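Computed over heavy atoms, backbone and side chain alike; hydrogens, waters and symmetry mates excluded. By convention here, the first residue in the shown sequence is residue 1. Owing to the predicted nature of the structure, the values given are computational and were not obtained by experimental measurement.
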Amino acid sequence: MQPASAAATRVPRLSVPPPERFRVGNAVLRWYFAPEYLHLERADAARPTLFVGNHSLYGVLDVLLFADGLYRERGICLRSLADRNHFRIPAWRDFVVLTGAVLGTRRNCAELMRRGEHILVFPGGAREVFKHRGEAYRLIWKERYGFVQLAIEHGYPITPYATVGAEEAFDLLLDSRHYMATPLGRYLRRSGLAERHLRGGEEFPPLVRGLGPTVIPRPEKLYFSIGRRIETTAYRGRARDPEVLREVRERVRRSLAGLIAGLRLHRARDARQGRLRRVLNRL
């Protein structure tokens, strides 16, 4: 097992595509979640891009399925930019590395771009994973522009993609606001632990319920949709212009929000989910 620092700072080349490594596990996930992919033809293995997506509540399995679909259907091997907290947990960090993910730093992203790899980033980060009640499908990007700046600097196109269905796999019972209002939360805040390790308490993992009384996600059908590429070459030399960064980020945000809205409508009209799946998802 490699140390956390080594796992987090290296940008290894992949000897085996992660979907090949997890072929059996991905087959189980496809059986359980019955993923449907829309507009995969918009992804081209010969044209590397920066995929920008919406993070779902406890979003891990849906990311594996998106990467699996891209590899099986389009021959694309995806490299994800992962939050630092993933690399602080023994054993879990080794799994994260095996999926092809690297620590989500500017340096690592730039290295992947220099290599011409397909990259996946979630600007909402851990805050979007640890959502509050009522925030399903909300994009929580704060003031993050780094992904836009790097794309412009390296002439990388940005491709929005949306995931729908994963948010319905859990019921959110308690979020970080509830925890931080308890004596434990107040202690974490006073001691500075919340600021140092939980970004002020925002990244306190929520309490959820999945299938029945368990935390196993319900077998909700998952939907993925890829948007049209947003080229950045027209902005060459303007990667530090705040107006340009805001303009490009807003184009990405609008496109992604439109994909999410369209997928949610598609999901509501989908009559192919199966009776057993519908029964299980009522538990």
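Cluster membership for Val16 and Leu78, using ILVMFWY side-chain heavy atoms within less than 4.5 angstrom, is not shared. Under a hydrophobic-cluster definition in which Ile, Leu, Val, Met, Phe, Trp and Tyr are linked whenever side-chain heavy atoms come within less than 4.5 Å, directly or via other members, Leu207 and Val129 are assigned to different clusters.
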- Task: Using the salt bridge (Lys or Arg N to Asp or Glu O under 4.0 Å) rule, take Asp171 and Arg209 through it: C-alpha gap first, then chi angles, then the decisive distance, then the call.
- Result: CA-CA 5 Å; Asp171 293 326; Arg209 182 179 72 87; 2.8 Å; yes

- Query: Passes side chain to side chain contact (heavy atoms under 4.5 Å, CB included), Leu245 versus Arg249? Steps please.
  - Reply: CA-CA 6 Å; Leu245 295 178; Arg249 196 183 88 147; over 6 Å; no

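A side-chain donor-acceptor contact under 3.5 Å links Arg127 and His132. With no hydrogens or angles considered, no side-chain donor-acceptor pair links Tyr71 and Asn26 at under 3.5 Å.
You'll find the side chain of Leu139 reaches within 4.5 Å of the side chain of Ile260, heavy atoms only.
When all heavy atoms are compared, the tightest approach of Asn85 to Asp83 is N-OD2, 2.9 Å. Nearest heavy-atom pair, Phe147 versus Arg144, reported as atom, atom and distance to 0.1 Å: CE2-O, 3.7 Å. In terms of heavy-atom proximity, Leu38 sits nearest to His266 at CD1-CD2, 4.3 Å. Scanning all heavy atoms of the two residues, the minimum distance from His178 to Leu173 falls at CE1-O, 4.5 Å.
Phe130 and Tyr58 have perpendicular rings, their planes meeting at more than 60° on a 0 to 90° scale where under 30° would count as parallel. Using cut-offs of 30° and 60° for the angle between ring planes, the Tyr161 and Phe51 rings count as perpendicular.
Among the candidates Phe66, Phe33, Tyr32, the single residue satisfying the side chain to side chain contact (heavy atoms under 4.5 Å, CB included) test with Leu61 is Phe33.
Under 4.0 Å is where a charged nitrogen must lie from a carboxylate oxygen, and between Glu111 and Arg115 at least one such pair does. The pair Arg138-Glu167 does not meet the salt-bridge criterion, since no charged nitrogen lies less than 4.0 angstrom from a carboxylate oxygen.
Within 6.0 Å of atom CD in Glu41, more than 12 heavy atoms from other residues, nucleotides or ligands are found, so the atom counts as buried in its surroundings. Environment of CZ in Phe95: crowded, with over 12 heavy atoms of neighbouring residues, nucleotides or ligands closer than 6.0 Å.
Every residue two or more places apart in sequence or in another chain that forms a side chain to side chain donor-acceptor pair (under 3.5 Å) with Tyr235 is listed here: Glu247, Arg251.
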